[in-house]
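Down below is the structure, laid out as structure tokens.
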Amino acid sequence: QVQLVESGGGLVQPGGSLRLSCAASGSIFSINSMGWYRQAPGKQRELVAATTSWGGSNYADSVKGRFTISRDNAKNTVCLQMNNLKPEETAVYYCYAYILTRGSSLTRGYWGQGTQVTVSS
């Protein structure tokens, strides 16, 4: 009964910027981590950036210095600011969260539906 909804994808020129947002809703007790993955056609899904409940974060080496992940625990949201985008970063970007739901004793992962990011002139 948890839903992750992404927004902010679209078409951007090389060197441009986009800001992705993801909001989690439903019967949530706690969120251990939230982050972003991406998957290009014919490629394996890869981690872009992630955060933890204690404030830690990690990034793929290819995006360090250009992307910034942020999390608002009160709103159960996570954002990804993407700067200086490159054409090879065209992909579907997926929000992911590891969540403990109300009434459950186990955490599990949840995926958003994905949002398309296209970097092209």
Side-chain angles (χ1 to χ4, degrees):
Q1 298 300 309
V2 171
Q3 184 179 22
L4 302 180
V5 179
E6 302 108 325
S7 63
L11 175 65
V12 63
Q13 295 185 38
S17 299
L18 283 175
R19 184 175 178 85
L20 305 182
S21 297
C22 175
S25 61
S27 187
I28 298 171
F29 182 80
S30 64
I31 300 177
N32 291 335
S33 65
M34 297 187 75
W36 294 90
Y37 287 72
R38 66 187 177 193
Q39 187 168 23
K43 302 290 184 64
Q44 193 161 348
R45 190 172 299 185
E46 64 175 351
L47 176 68
V48 179
T51 65
T52 66
S53 60
W54 48 269
S57 63
N58 60 283
Y59 298 87
D61 288 341
S62 62
V63 309
K64 288 180 179 178
R66 297 185 298 114
F67 290 13
T68 303
I69 190 167
S70 60
R71 179 175 169 182
D72 187 333
N73 291 325
K75 297 180 180 179
N76 290 332
T77 61
V78 64
C79 294
L80 183 68
Q81 178 67 45
M82 305 185 294
N83 297 325
N84 193 22
L85 282 159
K86 300 173 170 57
E88 59 265 33
E89 293 174 315
T90 293
V92 177
Y93 285 68
Y94 295 91
C95 181
Y96 177 85
Y98 202 57
I99 296 172
L100 177 67
T101 58
R102 297 183 185 277
S104 177
S105 61
L106 297 174
T107 57
R108 57 159 289 185
Y110 295 86
W111 291 98
Q113 78 284 353
T115 184
Q116 177 70 46
V117 171
T118 302
V119 185
S120 176
S121 298

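Remember, predicted model here, so these are calculated numbers, not experimental data.
V92 and V63 fall into different hydrophobic clusters, where Ile, Leu, Val, Met, Phe, Trp and Tyr residues are linked whenever their side-chain heavy atoms come under 4.5 Å apart, directly or through other members. Cluster membership for Y94 and V2, using ILVMFWY side-chain heavy atoms within less than 4.5 angstrom, is not shared. No chain of hydrophobic side-chain contacts below 4.5 Å, direct or via other Ile, Leu, Val, Met, Phe, Trp or Tyr residues, connects Y37 to V78.
In this structure, the side chains of N76 and I31 come closer than 4.5 Å at one or more pairs of heavy atoms. The closest side-chain heavy-atom distance from M82 to Y93 is below 4.5 Å. At least one side-chain heavy atom of K86 sits under 4.5 Å from a side-chain heavy atom of R66.
To the nearest 0.5 Å, atom CG of residue D72 and atom OG1 of residue T77 are 4.5 Å apart. We find the NZ-OG distance between K75 and S25 to be 15.0 Å, quoted to the nearest 0.5 Å. A distance of 6.0 Å separates CG of L4 from CE of M34, quoted to the nearest 0.5 Å. To the nearest 0.5 Å, atom CG of residue L106 and atom CZ of residue R108 are 11.0 Å apart.
Its side chain outside the 4.5 Å cluster rule for every partner, V5 clusters with none of the Ile, Leu, Val, Met, Phe, Trp and Tyr residues. With side-chain heavy atoms closer than 4.5 Å counting as contact, directly or through intermediates, the hydrophobic cluster containing F29 also holds L100.
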Indicate every side-chain donor-acceptor pair of residues 114-121 with a distance under 3.5 Å to a residue at least two apart or in another chain.
{"unit_1": "T115", "atom_1": "OG1", "unit_2": "G9", "atom_2": "N", "d": "3.3"}
{"unit_1": "Q116", "atom_1": "NE2", "unit_2": "A91", "atom_2": "O", "d": "3.4"}
{"unit_1": "Q116", "atom_1": "NE2", "unit_2": "T118", "atom_2": "OG1", "d": "3.4"}

Please report, to 0.1 Å, the donor-acceptor pairs under 3.5 Å made by any side chain of residues 14-22, with sequence neighbours excluded.
{"unit_1": "S17", "atom_1": "OG", "unit_2": "N83", "atom_2": "OD1", "d": "2.9"}
{"unit_1": "R19", "atom_1": "NH1", "unit_2": "Q81", "atom_2": "OE1", "d": "3.4"}

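Among pairs with a residue in residues 32-60, those fulfilling salt bridge (charged side-chain N to carboxylate O under 4.0 Å, His left out) read R38-E46, R38-E89, at least two apart in sequence or across chains. Within the structure, no pair that satisfies the disulfide bond (SG atoms under 2.5 Å apart) test touches residues 34-68, not counting sequence neighbours. Among residue pairs with one or both ends in residues 26-89, none qualify as disulfide bond (SG atoms under 2.5 Å apart); sequence neighbours excluded.
For S104 (side chain) and T101 (main-chain N/O), no donor-acceptor pair under 3.5 Å exists by modelled atom type.
Here S57 pairs with nothing under the side chain to side chain donor-acceptor pair (under 3.5 Å) rule; sequence neighbours left out. The salt bridge (charged side-chain N to carboxylate O under 4.0 Å, His left out) search around K64 returns D61, not counting sequence neighbours. In terms of the side chain to side chain donor-acceptor pair (under 3.5 Å) criterion, residue partners of Q113 (sequence neighbours excluded) are, by chain and number, E6. Partners of T107 by side chain to side chain donor-acceptor pair (under 3.5 Å), not counting sequence neighbours, listed by chain and number: Y98. Listed by chain and number, the residues in a side chain to side chain donor-acceptor pair (under 3.5 Å) with Y96 amount to none (sequence neighbours excluded).
Checked against a 6.0 Å centroid threshold, the rings of W36 and F67 do not count as neighbours.
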